[in-house]
Amino acid sequence: MSATTRTLVGCGCVALLAILALLAAGGGYWYWTSTPQYSLEQARKAFQTHDLAAFDKYVDVDSLVETGIDALAAEASREGAGGAVGAAVALMFRGRLAAELKTQVRRSVEKGADFEGRDPRRTTFEVGAVRRDGKVAVARVVAQTQRGAVAERLELELKLRDKGSYWQVFEIANLPELWRAAREHEPQAAPAR
């Protein structure tokens, strides 16, 4: 084998290795960008940069609000007669309530406006374990925010659906548990004398 042939074979091997490395890197990048964790990171970035279009891609606000209203109405009706009346009233004004909540969430993303006294600039999200079951995934996310001088920490279980090349949050799976915990911490009214 001549020196020229050995050089050409060596250059061909180096080129083949470079192509294989690029394909592996591209495949790894494609895999990462199609995970629920990546989509949650994109939703977080969209929230922080006030990119409503990107946020709407990764978070189905309409579905979150609708499933949230249903879950809270069901939870309230389990609390007895008073809760059932409250749930019935909430469901009666469901359209109005849903529209207002959707507007508040989108305003909070777009303008950085506070949401019930919470400062969006001081809100962080940390993604924990993600469990996949076919086209649905459940992610544990810890959200920390400030409400006035009080720090709040919420451990959310977010449901995501596979949209092909990305995942989209569509439900807060543990909303009833969060509701119960919040109700337990509410100050109790003093009994009437």
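Just so you know, these numbers come straight off a predicted model, no measurement behind them. Sequential numbering from 1 along the given sequence is applied to the chain's residues.
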_side chain to side chain donor-acceptor pair (under 3.5 Å) partners for Glu171, two or more places apart_ = none
*Please check if Val136 and Val130 belong to a single hydrophobic cluster, counting links between Ile, Leu, Val, Met, Phe, Trp and Tyr side chain heavy atoms closer than 4.5 Å.*
no
_From CA spacing to verdict: side-chain contact (heavy atoms from CB on, under 4.5 Å), Arg161, Ser63_ = CA-CA 11 Å; Arg161 66 172 70 98; Ser63 183; 3.8 Å; yes
*Short N-O contact, Glu157 and Lys159, less than 4.0 angstrom*: no
*Minimal non-hydrogen separation, Pro36 against Arg132, with atom names*: CD-NH2, 3.5 Å
*What's the verdict on side-chain contact (heavy atoms from CB on, under 4.5 Å) for Leu158 and Val59, showing C-alpha distance, side-chain angles and the deciding distance?*
CA-CA 10 Å; Leu158 301 179; Val59 178; over 6 Å; no
*To the nearest 0.5 Å, how far apart are NZ in Lys163 and NZ in Lys57?*
11.0 Å
*Quick one: list whatever passes side chain to side chain donor-acceptor pair (under 3.5 Å) with Glu177, sequence neighbours left out.*
none
_Pairs where residues 123-161 contributes a residue and the test ring-ring contact (aromatic ring centres under 6.0 Å, His included) is met, not counting sequence neighbours_ = Phe47-Phe125
*Roughly how far apart are Ile69 CD1 and Leu97 CG, rounded to 0.5 Å?*
4.0 Å
*asked:* Give me each pair satisfying salt bridge (charged side-chain N to carboxylate O under 4.0 Å, His left out) with a member in residues 42-54, each pair once, sequence neighbours excluded.
replied: Glu41-Arg44
*asked:* Suppose we screen for side-chain contact (heavy atoms from CB on, under 4.5 Å). Which residues come up paired with Arg106, at least two apart in sequence or across chains?
replied: Leu52, Asp56, Val61, Asp62, Lys102
*asked:* Among residues at least two apart in sequence or on other chains, which ones pass salt bridge (Lys or Arg N to Asp or Glu O under 4.0 Å) with Arg96?
replied: none
*Side chain to side chain, Thr67 and Leu175, heavy atoms closer than 4.5 Å*: no
_Taking ring-ring contact (aromatic ring centres under 6.0 Å, His included) as the cut-off, I'd like each qualifying pair that reaches into residues 141-175, sequence neighbours left out, listed once._
Tyr58-Tyr166
_Among residues at least two apart in sequence or on other chains, which ones pass side-chain contact (heavy atoms from CB on, under 4.5 Å) with Glu100?_
Gln104
*Can you sort out the partners of Asp162 under side chain to side chain donor-acceptor pair (under 3.5 Å), two or more places apart, ordered by chain and number?*
none
*Mind checking whether Val138 and Val169 sit in one hydrophobic cluster, side chains of I, L, V, M, F, W, Y counted as touching below 4.5 Å?*
no
*Partner residues of Asn174 under the side chain to side chain donor-acceptor pair (under 3.5 Å) criterion, sequence neighbours left out*: none
